There are 2 protein chains.
Amino acid sequence: MSEISPRRRVDDHNEELRAADGRVPGRRGRATRQRLLACTRDMLTSTSYRDVKVIDIAREAGTSPATFYQYFADVEAATLVVAEEMAQHGQHLRVIITEGSWAEGEAMATALDLVDAFLAFWDDHRSVLRVVDLATDEGDGRFQKIRVRLLNDITTALADVVREAQKGHRIPTVIDPMAEAGVLVAMLAHTATHQYGFEFWGIRTAKLRQSMARHVSWGVTGIIPPD
Amino acid sequence: MSEISPRRRVDDHNEELRAADGRVPGRRGRATRQRLLACTRDMLTSTSYRDVKVIDIAREAGTSPATFYQYFADVEAATLVVAEEMAQHGQHLRVIITEGSWAEGEAMATALDLVDAFLAFWDDHRSVLRVVDLATDEGDGRFQKIRVRLLNDITTALADVVREAQKGHRIPTVIDPMAEAGVLVAMLAHTATHQYGFEFWGIRTAKLRQSMARHVSWGVTGIIPPD
DNA sequence: GCCAGAATCTGACGGCGTGTCAGGGATTGT
DNA sequence: ACAATCCCTGACACGCCGTCAGATTCTGGC
């Protein structure tokens with residue numbers, strides 16, 4: 001049938017994009033693709049994951065289901081791209097850890113910055129993050145990869161701070177820096193995900209923020225924060 | 001059409017069970033219902049949540065889709081019952097907190113017991129728990145209720161320990177006991193959920209266990225655990 | 001054991017979403 | 001203006017959903 005075009009140049013973005021039939025999409029095609037991605041993101045926030053239908057995304061984007069399949073194999077494939085974009089935006093969290101001061105008297109403030117950034121980021125991307133979490137947990141390697149890309153930088157950055165504290169003998173060496181950092185990230189991620197649930201049963205976010213920052217600060221420096 | 005039977009006696013279980021047409025199911029009916037529930041549980045563990053179909057559950061249970069709808073409105077309704085059963089089984093986690101000793105020198109051991117019980121419980125029920133998490137996060141009140149029933153007892157039990165430590169001035173009173181307990185439970189829950197993910201990228205469960213127990217122990221008693 | 005009546009199950013059907021073509025518009029370069 | 005290329009969609013076969021009416025199985029009284 002249709003032979004693969006020998007022209008494989010992509011002078012456009014970073015990746016080699018392909019439509020279902022092997023074409024390299026042009027300007028109009030890429031615009032449609034972006035529109036579909038945006039609508040996927042919207043559907044994800046307004047609809048239960050189980051009920052996100054190709055036909056709805058297409059309708060919302062003012063196009064037909066067949067067009068959707070030109071660019072994505074299924075809803076999951078589109079979601080994957082949306083998740084990838086989100087992970088890109090998460091890189092700034094790392095900077096807070098590496099640039100901030102973890103010295104005595106300043107660690108708590110840095111920890112609070114980190115907590116705030118976490119809560120804000122999770123709030124902005126909650127709908128995508130919950131799907132990433134679910135799919136990762138179900139063993140989907142592609143989503144797991146994204147989740148790792150997002151969290152690994154943060155975890156290793158925190159682990160570095162732990163190692164520093166271990167050099168100063170403020171944290172026992174039996175503690176594994178990566179495990180310690182991972183546990184802290186887990187705490188941040190889960191609390192951020194269920195922020196609203198906590199509020200719902202009477203716990204104020206301000207108080208959560210304080211408890212979290214306290215654990216982060218102590219966990220990575222070994223110094224008990226001042227009251 | 002069919003009037004509701006005036007016989008409302010239920011001398012059987014705790015709840016008033018009704019089939020789709022208002023009947024009170026007898027022995028055979030209840031057995032079928034249980035079979036469908038078991039198969040729902042199985043499908044949930046072997047299939048991505050999005051892809052759990054009524055037709056598959058029915059086939060697995062050796063019956064027809066129409067029979068499924070006799071007992072449940074949809075897959076979600078059956079999942080809800082499965083989740084409720086799971087929450088019942090989680091009550092034993094509370095006992096570890098209330099019965100265990102949080103005295104200096106013993107708190108770390110109690111914390112380790114709690115962590116182990118958490119990891120084991122989450123491992124047993126991972127597939128149901130991830131759906132509960134997703135649905136809760138999507139704003140489904142029924143699943144949220146179950147989640148609360150499961151976690152609230154644990155959280156309040158931990159909060160009580162925190163309050164005790166505050167009386168002894170080992171934890172500053174600016175800390176909100178429920179917030180502190182909630183954060184610790186979040187840490188336990190999230191780490192337990194993604195246990196395999198951690199292993200996958202080189203962090204041993206034994207080390208996670210240690211870091212978590214350390215945070216729990218310090219968080220509720222204010223005492224830095226011995227190395 | 002037999003039968004009426006209740007309890008339970010299921011075949012069949014209309015409706016809707018999926019995923020795939022082939023073919024028809026739209027856009028671009030010349 | 002006219003190809004050549006790019007992009008979109010109508011139409012279709014398939015599969016699952018959710019609901020009946022009616023068939024099948026069970027139960028208690030005789």
Side-chain angles (χ1 to χ4, degrees), chain A residues 1-12 16-37 39-40 43 47-79, chain B residues 1-12 16-37 39-40 43 47-79:
Chain A
M1 295 287 168
S2 65
E3 298 205 346
I4 292 173
S5 157
R7 293 183 63 258
R8 284 189 164 270
R9 315 272 301 290
V10 177
D11 44 10
D12 184 54
E16 176 148 351
L17 224 50
R18 290 280 162 155
D21 53 5
R23 274 187 304 100
V24 175
R27 207 174 60 245
R28 184 156 70 121
R30 271 176 280 133
T32 304
R33 201 185 102 105
Q34 282 308 125
R35 207 149 24 91
L36 287 166
L37 280 176
C39 293
T40 302
M43 293 313 287
T47 317
S48 169
Y49 176 54
R50 260 186 84 90
D51 299 329
V52 174
K53 312 284 186 200
V54 169
I55 199 171
D56 294 325
I57 297 173
R59 214 192 327 261
E60 186 78 13
T63 183
S64 73
T67 300
F68 180 93
Y69 289 106
Q70 196 107 66
Y71 298 102
F72 306 104
D74 51 27
V75 173
E76 212 181 79
T79 307
Chain B
M1 297 287 164
S2 64
E3 300 203 346
I4 292 173
S5 158
R7 293 183 65 259
R8 282 187 164 272
R9 315 272 301 288
V10 176
D11 44 12
D12 184 53
E16 176 147 351
L17 226 50
R18 290 280 161 156
D21 54 4
R23 274 186 306 99
V24 176
R27 208 175 58 244
R28 184 158 67 124
R30 271 175 280 133
T32 305
R33 202 185 101 105
Q34 282 308 125
R35 207 148 24 91
L36 287 166
L37 280 176
C39 294
T40 302
M43 291 315 285
T47 316
S48 170
Y49 174 55
R50 261 187 84 91
D51 300 328
V52 174
K53 312 283 187 201
V54 169
I55 200 172
D56 294 324
I57 298 173
R59 214 192 327 261
E60 186 78 13
T63 182
S64 73
T67 301
F68 180 93
Y69 289 106
Q70 195 105 68
Y71 298 103
F72 307 104
D74 50 26
V75 173
E76 212 181 77
T79 307

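Note that this is a predicted model, so its numbers are computed, not measured. The basis for the numbers below is simple: all heavy atoms, side chains too, and nothing from hydrogens, waters or symmetry mates. Numbered from 1 within each chain, the chains take letters A, B, ... in sequence-line order.
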Measure from [atom1] on [X] to [atom2] on [N] and round the result to the nearest Å.
X	N	atom1	atom2	answer
B:Arg33	C:dC9	CZ	C1'	17 Å
B:Tyr71	C:dT10	OH	P	10 Å
A:Phe68	D:dC7	CZ	C1'	17 Å
A:Asp51	C:dT18	CG	P	11 Å

Minimum heavy-atom separation for [X] to [Y], with atom names?
X	Y	result
B:Phe68	B:Thr40	CE1-OG1, 4.3 Å
B:Arg50	A:Tyr49	NH1-O, 2.6 Å
B:Ser64	B:Ala58	C-CB, 3.6 Å

### Query
Any side-chain heavy-atom pair from B:Tyr71 and B:Gln34 closer than 4.5 angstrom?
no

## Note on the structure
Reading nucleotides 12-25 of chain D from 5' to 3' and marking B where a protein heavy atom lies under 4.0 Å of the base, S where only the sugar-phosphate is that close, and - otherwise, the string is ----SSBBB-----

Would you tell me if any nitrogen or oxygen in the side chain of [X] comes within less than 4.0 Å of OP1 or OP2 on [N]?
X	N	result
B:Thr63	C:dT10	yes
A:Thr67	D:dC7	no
A:Arg27	C:dT28	yes

### Test item: B:Arg35 side-chain N/O and B:Gly62 main-chain N/O as donor-acceptor pair under 3.5 Å
no

### Task
Could you please spell out the steps behind the side-chain contact (heavy atoms from CB on, under 4.5 Å) verdict for A:Asp56 and A:Thr47?
CA-CA 10 Å; A:Asp56 294 325; A:Thr47 317; over 6 Å; no

